[in-house]
Each structure stands twice: as C-alpha cells, then as structure tokens.
Amino acid sequence: MTVVGEQTGAQQSPPDQAAPAEAAAALVTALQAEKAATEATGATPAVRTDPATGTDGAPEPEQRPKPPGLWRNRDFILLWTGAGMAFLGGRVSAIAYTLLVFWSTGSATAAGLVGFAALLPNLLVQLPAGALVDQWDRRKTMIICDVGRIVAVGGVFAAVLLGYVWVPLIMAAAFVEASLGVFYRLSERAAVRNVVDETQLGAAMAGNEARGQAAGLIGQPVGTLFYALTRWMPFGFSAIAYLISLTTLLFIRKDLRVPLDEQGAPPRILARVREGFAFVWEQVYLRRALSLIAASNILFQVLNLALIIIVKDIGGSPAIIGFVLAVNGIGGMLGALSSNFFMKLIGIRRIIIFVNISWAVLMPLIAFADNAVVLAAIYTAIVYGAGVSNVAGMVYQVKTTPNRMQGRVGSISMLLASGTNSIGALVAGFALDGFGTVPAVLGVAAVMALLAFLSVLGFGGKRAAEAEAAINITR
C-alpha cells in the first residue's frame, strides 16, 4: 500500500511559498490521476492518516465475509436433495420400463425399442436443451420438468394398475421422461453456481457426482425389487421422487436465473448452439479434456461388454456381474467424494494426466484376470479414477464457462459423452466377436496408452499450468 506523503531517505525541499495556486492545481491533478488509476486497476484506494490526530481519514473496506459451510447452505442442500431424488426416480423407472415390456411381451425387440426411446433424447435433445436452458428461468424449468415426468410415469402407473400394457405408450413415456430429464439435469448443473460460493464449487460438484453414483448404484436394484413385489410399484415410487424434487425447488430462496447483467439478446436457437460450440472450440484445454473423455468412453463400452463375456467364460453367473457392478458403483462414489481433495492437492490438469496413465496401466490386466475378485478390483480402481476425473472435468467446465452459457456448454459436454457411448457400444460387439476377448482388450489398452501420452502432451506443459493458475481452479 502506498501512503501519500511518506518520507524517504532524501532530504525534502521546502514548499514553494511564492506559488500557492500552482501547488494547489498540482495537488488536484495528482489526486485526479490517482483516482483514475485506482478505477482502472480496481485497486483499493490508499488509506490516508490525519497527521494531527493519527486516525484514519477513511475507513478500511470491509473484508468479504466467509461463506457458510457447504452442508450448512440451505439452498444447496435443497437443490442437492431434490435432484438426488429425481435422479433416483429416473434410474428406478428406466429399469422398470425394460422389465415391464420384456416380461409382458416376451419380446427382446420390444424391450430394445423401449431402451432406444429412453436413450434417444441424449442425442436429439441435448443441444437445443442447452440453448434454451440459458434463456429460461432454471427453477421454473426444473419445476415444469418434474410436473411433466410425474404425468409421464403416472400414466404408466395407471395403465399397469389397470392391467393395460401397450408398447407404444411405454416408448412415449420413456422418451418424454428422458427428454425432460435432459432439461432438468442441465438446469440443475448450471444452477449450482447460483447457490454456492465460488470457492465451494469443487466440493459442490464432488457432492453432485457422488449423488449420481449413489443413484446409479441403488436405482437398478431398487427398481428390480419393486417390480418383483408388484409391477406398478416402481412407477409409483418414481412419481413420488419427482414430487419431492418439485417440493424442494419451491423452498429455494436464491434466484436461479442468469443474472441480468450477463443476459444477452436471445438470438435464434441455432445461433445459440453455434455460439456454444464456438466457445468450446476456443477453450483449448476444455476442448482437449472433452476429446480425451469422448475417446475413453468408446473404450469403456468395450470393457463393459468384455466384463460380461469374461465372467461367463470363467463360469460365473449374472449375480457375479451384479456383484462387480455394485463394487464399481461404490468405487465411483468414493472417487467422486475424494476428487475435491485431489484438486486442492495436485490440481485438475495433473488429475487428468494421472488418471489416464492409471487407466493405461490397469486396462491390459483385465485380459488376464481369471476370477471375479480380481476383476472387481481392477474395474473398481478404473471407476474410482473416473469418479475423480469426472468431478474435476465438471469443475473446470463450470468455472471457465460464463453463467449465461452454462446450459449450452454443459449440453455439448454431455452430447460428446453420450454420443461416443453409442459408438462404443456398436464397436464393442464387432471388436469382441471379430478378434476375441483378449486381443480386443489388449487393443483397447494400446489405444488408452496413446491417450495417456496425449494427456501428458496436452496438460503437462508450462502453458497448461499457467492457464489453470489463471482461473484459480482450486480456490
């Protein structure tokens, strides 16, 4: 801090008594210059001391109050809880749709059509949803989504209760529920910035990812259990879960809209989508991270199918597969919960590098695993890394993206992930049938080694470190 009138080691010359007007003018000019410099740099003006009294002539600016702990943040807890119930409801109904159609018709084709209808919104709805979410009130959007999903699963609930199962109806309900889920997910993810302090984004995203992993871990078993008890129960549970989500939204006090000073003119939807893609392309490290995610997701689809084949080849049962998947879910949840610790310890770019290298080391071990415990350990370690990196990637995207573009950039990220999942599922069957399990898994490991090398090149340099430091990613 610079103090006006501070003495230096040089002897001060006496003031010019002959020119008081010139001295006054010079003082005014100096004060004006200081004010302009302060406004230009955003610096805090110096505090002057009254030499006569020794007291400050102006009060020091108040320090920014420390925000309350994340889990004492009422609005965040409401948003987190409501979204968690909504995600759980979606998981329960998703498995119930497949069970209902297959057990009612005995047709795998019909069950596949319902699954296709539920996945189609990931490709068709993501981009327009992202553009629209950035212009709409996020709270109202999520409320409308909850109401729509209650109507969709409620319709199936009523039909099943009356003993009426019609495949086109189930397909329509699955498509509507999944489409509204895309809008809800993008809105909720963007709204986190409105309810938590900037310094708590990492912990908030870690909590959200752990919540998603937990919903995936228990959603399918719960849906299967409910369906075994009675066919209408999972749909009734999902409707109640969406109702809880809707209720929590009504009690959130914070404004979840994009701030007025960040809102731009609402251009046409295609222009908004183009703006989102242009932003992602201009963000070098975000673009690189999304490219690595998209490529690795293709590989994971091969490994997921390989797990089923390997378990069958070693004489295992579907229950063994369920055991491995359950352990994986726990690993992913623990990875998400520990991600904030690793972000503070080593930063996001090193997380990306280390996780990709660990995958390159672990994946070839799958080809030679010959018992379920070893498979579970390898897959769990891989999924643990995925949980850590998923949170890191989300924090990076949220902190580097303007509030007014959160929906669009989030939708592009999800589109890349879900789109490559579809490609990976297609590639997996051909690769495993055409080359065999061991060669296919080793081929996946070789590609993963290349991705690990690219992650070092893309995020290991000085510029990447400077880019991470510039946005205070771990604060």
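Every residue two or more places apart in sequence or in another chain that forms a side-chain contact (heavy atoms from CB on, under 4.5 Å) with Arg350 is listed here: Ile346, Phe354. Under the side-chain contact (heavy atoms from CB on, under 4.5 Å) criterion, Ala381 pairs with Leu362, sequence neighbours left out. Every side-chain contact (heavy atoms from CB on, under 4.5 Å) that Ala191 has, sequence neighbours left out, goes to Leu79, Arg138, Met142, Leu256. Remark: Phe235 engages Tyr97 in a ring-ring contact (aromatic ring centres under 6.0 Å, His included) (not counting sequence neighbours). Residues meeting the side chain to side chain donor-acceptor pair (under 3.5 Å) test with Arg185, sequence neighbours left out: none. Phe300 meets the ring-ring contact (aromatic ring centres under 6.0 Å, His included) test with Trp359; sequence neighbours excluded. Every residue meeting the side-chain contact (heavy atoms from CB on, under 4.5 Å) condition with Thr230, not counting sequence neighbours, appears here in chain and number order: Trp232, Met233. Scanning for ring-ring contact (aromatic ring centres under 6.0 Å, His included) contacts around Phe237 gives Phe226, with sequence neighbours left out. Contacts of Arg139 classified as side chain to side chain donor-acceptor pair (under 3.5 Å), with partners at least two apart in sequence or in another chain: none.
A donor and an acceptor atom, one from each side chain of Gln135 and Arg408, are nowhere located under 3.5 Å apart. Judged by distance alone, the side chains of Arg231 and Ser104 do bring a donor and an acceptor atom under 3.5 Å apart.
You'll find the side chain of Phe183 reaches within 4.5 Å of the side chain of Val125, heavy atoms only. At least one side-chain heavy atom of Ile143 sits less than 4.5 Å from a side-chain heavy atom of Leu250. At a threshold of 4.5 Å between non-hydrogen side-chain atoms, the residues Arg74 and Ile252 do not count as touching.
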May I have the step-by-step check of salt bridge (Lys or Arg N to Asp or Glu O under 4.0 Å) for Arg211 and Glu188, ending in yes or no?
CA-CA 13 Å; Arg211 176 196 61 195; Glu188 188 265 343; 3.2 Å; yes
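In this structure, Asp75 does not pair ionically with Arg253, as no charged nitrogen and carboxylate oxygen lie closer than 4.0 Å.
One distance of note links CD of Gln397 with CD of Gln406; it measures 5.5 Å at 0.5 Å rounding. Note that CG of Leu290 and CH2 of Trp281 are 11.5 Å apart. Values are rounded to the nearest 0.5 Å.
Listed by first and then second residue, the side-chain hydrogen bond (donor to acceptor under 3.5 Å, both in side chains) pairs that reach into residues 142-156 are Asp146-Arg149, Asp146-Ser245, sequence neighbours excluded. For residues 285-297, the set of pairs meeting the side-chain hydrogen bond (donor to acceptor under 3.5 Å, both in side chains) definition, not counting sequence neighbours, is empty.
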Show me the side-chain donor-acceptor pairs of residues 89-96 shorter than 3.5 Å, one per line, residues at least two apart or across chains.
from, atom 1, to, atom 2, distance (Å)
Ser93, OG, Gly89, O, 3.2
Ser93, OG, Gly90, O, 3.1
Ser93, OG, Glu177, OE1, 3.2
Ser93, OG, Glu177, OE2, 2.6

